[in-house]
Asker: 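The structure under discussion is supplied below as structure tokens; questions concerning it will follow.
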Amino acid sequence: MTTVPIPEGWPTTEERARAVQDELRARLVLDEPGPPPGTGHVTGVDVAYDDARDVVAAAAVVLDAASLAVVAEATAVGRISFPYVPGLLAFRELPTVLAALAALPVPPGLVVCDGYGLAHPRRFGLAAHLGVLTGLPVFGVAKNPFAFTHEDPAAPRGSAAPLLADGEEVGRALRTRDGVKPVYVSVGHRVSLDNACAHTLALTPAYRLPETTRRADALCRAALREATRAV
DNA sequence: GCGACAG
DNA sequence: ATCTTGTCGC
């Protein structure tokens, strides 16, 4: 596991953070389909916090996209770099996530993160931000609809309904298990929404949430427990 | 104007 | 995200 400082120049105010989003948004690449499902690596990233102790732990878990077997894992621990503010989640999660990705012994391939990409007040959520900073194809799968609305998808797995903002499709409510609450898929960088949904279905053979996020969630919690143990 | 709102 | 016991079910 690696320990990371908060980066130089990291925003400290909400105003500055929003300005950074507006600047970086111009570097988004949205016209690439991204890698096809079932090929190469798919990497899940997630973060866990202990606000009282000012500790954040991130995990990156690389899966073989065909078998969903774990290929590699890495964790990183740091100080909390930003408070939780809806719309500014990336400033709280990214420094540690970037360190965990950098610590991987293999290329991450396609990255799946918790939260949104284009489904964001300024069209620049966590997945988009991570994509621009790394250059990697990234999309997000969120567990809640944030401030967006959608029709209820049909009951069978694979059914979907557009997630709309001002009449524009910024993501999709996708049913990954029959009759179970959908997940919210949103493109980040260098992946199409159709392909992101196909990947999400390929990553959910047994549970509502993708194997990538389930694995990363378990690992970052373990890393947080370890980092805050006996202190 | 106020509140809600990814994690 | 996190605080938290037992419980129902495959």
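Everything numeric here is computed off the predicted structure, so don't read it as measured data. Per chain, numbering begins at 1; letters A, B, ... match sequence-line order.
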Asker: With a 4.0 Å cut-off on N to O distance, would you call A:Asp166 and A:Arg123 a salt bridge?
Answerer: yes
Asker: Would you call A:Asp46-A:Arg214 a salt bridge at under 4.0 Å N-O?
Answerer: no
Asker: Please work out which of the three classes, parallel, tilted or perpendicular, describes the rings of A:His129 and A:Phe91, given edges at 30° and 60°.
Answerer: perpendicular
Asker: What I want to find out is whether A:Arg25 reaches A:Asp22 closely enough, with some N-O distance under 4.0 Å, to be called a salt bridge.
Answerer: yes
Asker: Taking DNA chain B as the partner, which of residues 152-183 of chain A come within under 4.0 angstrom of it by heavy atom?
Answerer: none
Asker: Look at atom CD of A:Glu15 and say whether more than 12 heavy atoms of other residues, nucleotides or ligands are closer to it than 6.0 Å.
Answerer: no
Asker: Could you state the atom-to-atom distance from CG of A:Leu224 to C1' of C:dT2 in whole Å?
Answerer: 10 Å
Asker: Would you call A:Asp152 and A:Arg175 a salt bridge, using N to O less than 4.0 angstrom?
Answerer: yes
Asker: Send over the distance from A:Arg53 CZ to C:dT2 C1', rounded to a whole Å.
Answerer: 13 Å
Asker: Do A:Tyr184 and A:His150 have ring centroids that are under 6.0 Å from one another?
Answerer: yes
Asker: Across nucleotides 1-7 of chain B, 5' to 3', mark each nucleotide with B, S or - according to how protein heavy atoms within less than 4.0 Å reach it.
Answerer: ----BBB
Asker: Parallel, tilted or perpendicular: which fits the ring planes of A:Tyr116 and A:Phe148, with parallel below 30° and perpendicular above 60°?
Answerer: perpendicular
Asker: Output the rounded distance in Å from CG (A:Asp50) to C1' (C:dA1).
Answerer: 11 Å
